[in-house]
Amino acid sequence: MKNTKIIYFKDIVATGNGNSNQGHLTPIESSKDIPFDIKRLYYITSVPEGVTRGYHSHRDLEQVLICMKGSVCIKTSTPFEQEEVLLDSPFKGLYIGPMVWREMSRFSEDSVLVVLASRFYDEKDYIREYEQYEVLAKEYFDESR
Ligand code: TYD
């Protein structure tokens with residue numbers, strides 16, 4: 001789907017000191033392992049069962065969502081396409097670029113959803129009304145088709 005992609009991160013298990021099973025290490029370097037410079041990080045925890053969050057798009061912001069613990073379902077859509085991704089591994093991220101509508105649901109009880117973002121928080125970058133989103137997104141994606 002346009003302006004989204006799954007990114008798989010490194011899973012480093014060998015430490016080189018001869019011991020086995022020391023766990024996993026995943027590095028994420030700005031503009032190397034993800035396609036933007038990280039300006040902000042936030043996380044979502046303790047979401048009650050049945051709650052869906054999101055229901056918005058961003059005009060310019062780029063983000064990578066990683067479920068560090070547990071699982072969460074991310075539905076992304078544009079007026080032309082839609083997709084559903086289950087984030088259930090700390091080695092897997094979902095990149096979401098500009099003008100993509102997102103809804104996050106089915107948070108497992110223990111889930112920790114970390115979001116890396118390309119910009120500081122700015123409410124003006126949000127589009128929260130679906131009708132307004134649809135008009136702007138049709139223009140945006142029509143131009144890039
Ligand atoms: P919002 O992005 O709407 O959350 P979600 O999409 O997960 O449902 O943000 C929820 C509230 O938190 C909203 O009042 C804005 C505030 N907020 C910040 O102050 N800083 C931030 O970096 C973010 C992401 C949200």
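In what follows, residues are counted from 1 in the order of the sequence shown. Because only heavy atoms are used, hydrogens play no part in the values below, and waters and symmetry mates are left out as well, while side chains stay in. Both ligands and their constituent atoms are indexed starting at 1 by order of listing.
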Next item on the list: Walk me through it: do Tyr8 and Asp33 pass the test side-chain hydrogen bond (donor to acceptor under 3.5 Å, both in side chains)?
Entry: CA-CA 9 Å; Tyr8 291 96; Asp33 299 298; over 6 Å; no

Taking only heavy atoms of [X] into account, list the atoms of ligand 1 that are under 4.0 Å away from them.
X	result
Arg128	1 (P), 3 (O)
His56	2 (O), 6 (O)
Ile44	7 (O)
Met104	6 (O), 7 (O)

Item checked: Geometric class of the Tyr95/Phe36 ring pair [parallel <30°, tilted 30-60°, perpendicular >60°] ->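 Tilted: the ring planes of Phe36 and Tyr95 meet at 30° to 60°.
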
Notebook entry, point to check: What part of Tyr126 sits under 4.0 Å from ligand 1 if we count only heavy atoms: the side chain, the backbone, both or neither?
Noted result: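 Side chain only.
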
Note to self: Main chain of His58, side chain of Asp125: is a donor-acceptor contact present, judged purely on distance under 3.5 Å?
What the structure shows: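 Side chain of Asp125 to backbone of His58: no pair is present.
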
Margin query: So, regarding Gly54 and ligand 1 (criterion: nitrogen or oxygen to nitrogen or oxygen, under 3.5 Å), is there a contact or not?
Written below: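 Among all N and O atoms of Gly54, at least one is under 3.5 Å from an N or O of ligand 1.
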
Margin query: Evaluate Tyr121 for polar contact with ligand 1, using N/O atom pairs at a separation under 3.5 Å.
Written below: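 No, there is no polar N/O contact under 3.5 Å.
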
Next item on the list: From atom 4 (O) of ligand 1, work out which of Glu103, Arg40, Arg53 has a heavy atom at the shortest distance.
Entry: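 Looking at heavy atoms only, Arg53 sits closest to atom 4 (O) of ligand 1.
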
Check: Taking 4.0 angstrom as the limit, do Lys69 and Glu109 come out as a salt bridge?
Finding: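 Looking at Glu109 together with Lys69, the answer is no, because their closest N to O distance does not fall below 4.0 Å.
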
Next item on the list: Could you tell me whether Glu84 and Arg106 make a salt bridge, using a distance below 4.0 angstrom between a side-chain N and a carboxylate O?
Entry: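 Yes.
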
Next item on the list: Verify the cluster assignment for Ile6 and Val115: are they in a single hydrophobic cluster under the rule of side-chain heavy atoms below 4.5 Å apart?
Entry: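 Same cluster.
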
Notebook entry, point to check: Hey, is atom 11 (C) of ligand 1 under 4.0 Å from any protein heavy atom?
Noted result: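 There is no protein heavy atom less than 4.0 Å from atom 11 (C) of ligand 1.
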
Margin query: My question is simple, although I want it checked carefully: is atom 14 (O) of ligand 1 less than 4.0 angstrom from any protein heavy atom?
Written below: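 No, there is no protein heavy atom closer to it than 4.0 Å.
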
Note to self: Between Gln132 and Tyr130, do the side chains contain a donor N or O and an acceptor N or O under 3.5 Å apart?
What the structure shows: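 Distance-only check fails for Tyr130 and Gln132.
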
Checklist line | contact_flag Phe120 ligand 1 heavy-atom lt 4.0 Å | finding: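 No, Phe120 has no heavy atoms under 4.0 Å from ligand 1.
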
Note to self: Against ligand 1, does Arg102 come closer than 4.0 Å with any heavy atom?
What the structure shows: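 Heavy atoms of Arg102 never come under 4.0 Å of ligand 1.
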
Item checked: Within 6.0 angstrom of Tyr42 OH, more than 12 heavy atoms from elsewhere ->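 Atom OH in Tyr42 is packed in, count exceeds 12.
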
